[in-house]
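Remember, it's 1-based here, ligands and their atoms both numbered in the order they're listed.
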Amino acid sequence: MVRTPRSTLPSDPRFWRSPLRGPWFTSVLGLVLLAGITLVFATGLLSYAAYNPDLSPVNDKTPDKGLLGFYLFDWPTDPHWLYRLTQGLHVTVGITLIPVLLAKLWSVVPKLFALPPVRSAAHALERVSVLLLVGGALFEVATGVLNVQLEYLFPGSFYRLHFYGAWVFIGAFAVHVALRLPQAVRVVRERGLRDPAADPAAPPAPRPAYDAGARRPGPYGGADLVSPDPAEPTLSRRGALGVVGAGSLLLFATTAGQSFDGPLRRTALLAPHGGAEPGPGDFQINKTAAAVRIRRSDTGPGWRLRVTGPRGEVRLSRDALLELDLHEAALPIACVEGWSTSDQRWRGVRLRDLAALAGYADDPPDVLVESLQRRGSFRRAALRDNQVRDPRSLLALQVNGADLTPDHGYPARIIVPAAPGVLNTKWVSALTFGSLR
Ligand SMILES: Nc1nc2c(c(=O)[nH]1)N[C@H]1C(S)=C(S)[C@@H](COP(=O)(O)O)O[C@H]1N2
Ligand SMILES: [Mo]
C-alpha cells in the first residue's frame with residue numbers, strides 16, 4: 001500500500017488520525033447527551049418557575065422574557081423536598097455531563113474544518129445551528145459552573161445569561177436532534193453498545209475513499225468521521241468511552257455530596273459553598289451576617305417585625321412573636337447552586353397566622369418579604385398565596401431546638417416547603433400581605 005504523505009492541513013481528512021472517531025463513538029455520546037441535556041433543561045425551567053417570577057418584579061431576573069415564560073405555573077409546596085431534588089439534579093447532572101460533552105465535541109471536530117465551508121444554503125443553515133449548539137452548550141456550562149464556584153462573578157446578570165443562553169441553545173439542540181437522531185439510533189441499533197471494530201469476527205467497516213470525486217457526502221453533507229489514515233490504536237473505542245465515563249464519575253462523586261449532610265458533604269470537593277457552623281445551626285450557610293453587613297444593633301432588642309395588610313401595620317418584637325402560637329416544620333434549605341441540607345427542625349409562627357393578624361383571616365394572599373439587609377440581591381422576595389397558606393410555611397425563630405444563629409437569619413427568617421433557598425429570606429424586617437394582587 002502506498003502511504004500518502006501526512007497532511008498538515010486540518011481541512012484535509014487525513015490530518016485527523018485518531019482511530020477512535022467514527023459514527024458509533026459519536027452516536028453513543030450523542031444519545032447520552034440527548035437524555036442528560038433534556039433532564040438538565042427541564043429541571044432548569046422548573047428552577048425558574050420555582051422563583052415565582054410572574055408574581056413580582058422582585059423575584060424576576062428576566063422581566064423581558066416575553067413568550068419564554070409561557071410555561072410558568074404555581075410552584076407547589078409538596079413534596080417538601082421538590083426543589084432539593086430538581087435543582088440537585090440540574091447542577092449535578094449538568095456537571096457530570098461535562099466530560100461527555102467535551103468528548104462529543106472532540107469526536108466531531110474534523111467537521112469544523114471541512115472544506116468547502118459552505119456547500120449550500122441548507123448546509124449554511126446547519127452550520128449556523130451547530131455554532132449556536134456548540135457555543136450555547138459551552139456558554140451554559142461556563143456560566144453555570146462559574147455561578148456555583150464564584151457567585152459574585154456576574155452580580156445579578158447570571159440569571160439573564162443562563163436563561164436566555166439556555167433558550168438559544170435548546171433551539172439549536174432541537175434542530176440538531178431532529179437532523180441526527182435517526183442516524184444515531186440506527187448506528188447504535190445496528191451495532192449495539194459493542195463497538196464492532198473491537199470484535200475480530202465482525203466484517204471490516206467500509207473505509208471511505210477520500211479522493212475528492214469518490215467522497216460521498218453523508219446525509220447532512222459530512223464525511224462519516226472515520227479517519228482515512230488512522231494511527232495505531234492505543235485504546236479501543238469502548239476503552240475511550242470508559243475514560244469519559246470515569247471522568248464523569250469522578251465529577252459526580254465530587255459534586256453529589258453537596259445534597260447530603262454529614263460525611264457525604266465533605267466529598268463534595270467541587271461544591272465550595274457554605275461553611276457549616278458548629279452547634280444547632282450545623283448546616284450550610286449561604287451568606288453570613290457579616291458578609292451582607294447585618295449589624296448587631298439591627299437585630300438586638302430594638303428589632304421589630306412590621307406586618308402590613310388592609311388593617312394597617314402591626315409591629316412585633318421578637319418576644320411578642322414568641323408569645324404567638326409556635327409550630328414546627330421539618331424542612332430543607334435547597335439552593336439554586338445545587339447544594340441542599342436535609343430536613344432541619346424549624347420552629348416559628350405560621351405565615352398564615354401572620355396574614356390573619358394583617359387582616360386576612362380566611363384566605364391568605366401573596367406576601368412581599370423584606371430583609372433588614374440593605375444591599376445585595378435576595379433581600380426581598382415574594383411568596384405566592386399557596387406558599388403562605390401551607391401550615392409548614394413559617395417565620396422561623398428557632399431551628400433544631402435553639403434560637404437562629406446570626407448567620408442563619410436571627411432574629412427571624414422565612415422557611416417554605418419545596419421553595420428555592422432564595423425565597424427563604426433571612427433577617428426579615430417586614431411582611432406586606434396582599435400588595436401583589
Ligand atoms: N436576606 C437574605 N436572605 C437570604 C439570602 C440573602 O442573600 N439575603 N440568601 C438566600 C439564599 S440564596 C439561600 S440558599 C438561603 C441559605 O440559607 P442559609 O444560609 O441559612 O443556609 O438563604 C436565603 N436567604
Ligand atoms: Mo441560594
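At the shortest separation from atom 8 (N) of ligand 1 among protein heavy atoms lies Gln373 OE1, 2.6 Å. Counting only heavy atoms of the protein, atom 5 (C) of ligand 1 lies nearest to Phe378 CB, 3.9 Å. What sits closest to atom 9 (N) of ligand 1 on the protein, heavy atoms only, is Asn286 OD1, 3.3 Å. For atom 21 (O) of ligand 1, the nearest protein heavy atom (residue, atom name, distance) is Gln284 O, 2.7 Å. For atom 18 (P) of ligand 1, the nearest protein heavy atom (residue, atom name, distance) is Lys426 NZ, 3.5 Å. Scanning the protein for heavy atoms near atom 23 (C) of ligand 1, the closest one is Gly421 O, 3.1 Å.
Ring geometry for Tyr360 against Phe433 counts as tilted: the plane angle lies between 30° and 60°, on a 0 to 90° scale. Between Trp167 and Phe41, the ring-plane angle classifies as perpendicular under the 30° and 60° cut-offs. Ring orientation note: the planes of Tyr48 and Phe163 are tilted relative to one another, at an angle of 30° to 60°.
Between the side chains of Gln387 and Ser393, not a single donor N or O lies within less than 3.5 Å of an accepting N or O.
Both tests pass for Arg21 against the ring of Trp106: distance under 6.0 Å to the centre and angle within 45° of the axis.
At a heavy-atom distance under 4.0 Å, only backbone atoms of Asn424 (N, CA, C or O) approach ligand 1.
Residue Ser371 has at least one heavy-atom neighbour below 4.0 Å for each of these atoms of ligand 1: 1 (N). The ligand atoms of ligand 1 that sit less than 4.0 angstrom from a heavy atom of Ser377 are 7 (O). Proximity to His408 (heavy-atom distance under 4.0 Å) selects the following atoms of ligand 1: 18 (P), 20 (O), 21 (O). Listed by number with element, the atoms of ligand 1 under 4.0 angstrom from any heavy atom of Cys335 are 14 (S). Atom numbering of ligand 1 starts at 1 in the shown order; those under 4.0 Å from a heavy atom of Lys287 are 7 (O). Remark: ligand 1 atoms within the under-4.0 Å shell around heavy atoms of Trp427 are 1 (N), 2 (C), 8 (N). The atoms of ligand 1 that sit less than 4.0 Å from any heavy atom of Thr425 are 3 (N), 24 (N). Atom numbering of ligand 1 starts at 1 in the shown order; those under 4.0 Å from a heavy atom of Ile285 are 19 (O), 21 (O).
Between His327 and Arg347, the closest side-chain pair of non-hydrogen atoms is not below 4.5 Å.
Under the side-chain contact (heavy atoms from CB on, under 4.5 Å) test applied with Asp390, the options Asp385, Leu351, Thr77 reduce to a single match, Thr77.
Under the 4.0 angstrom criterion for non-hydrogen atoms, Arg413 is in contact with ligand 1. Ligand 1 is never approached by Val292 to a heavy-atom distance shorter than 4.0 Å.
At a threshold of 4.0 Å, the pair Asp60-Lys65 counts as salt-bridged, since one of the basic side-chain nitrogens sits closer than that to a carboxylate oxygen. Taking 4.0 Å as the cut-off between side-chain N and carboxylate O, Arg392 and Asp78 count as a salt-bridged pair. Of the charged side-chain nitrogens involved, none lies within less than 4.0 Å of a carboxylate oxygen, so that Arg119 and Glu126 do not count as a salt-bridged pair.
Residue contacts with ligand 1: Asp407 is placed with no nitrogen or oxygen under 3.5 Å of a nitrogen or oxygen of the ligand (distance criterion only). For a threshold of 3.5 Å applied to N or O pairs, the pair formed by Trp339 and ligand 1 contains no separation below that value. At under 3.5 Å, not a single nitrogen or oxygen of Arg379, backbone or side chain, sits near a nitrogen or oxygen of ligand 1.
Atoms CG and CG, from Leu383 and Leu55 in turn, are 8.0 Å apart once rounded to the nearest 0.5 Å.
Around atom CZ of Arg127, more than 12 heavy atoms belonging to other residues, nucleotides or ligands sit under 6.0 Å away.
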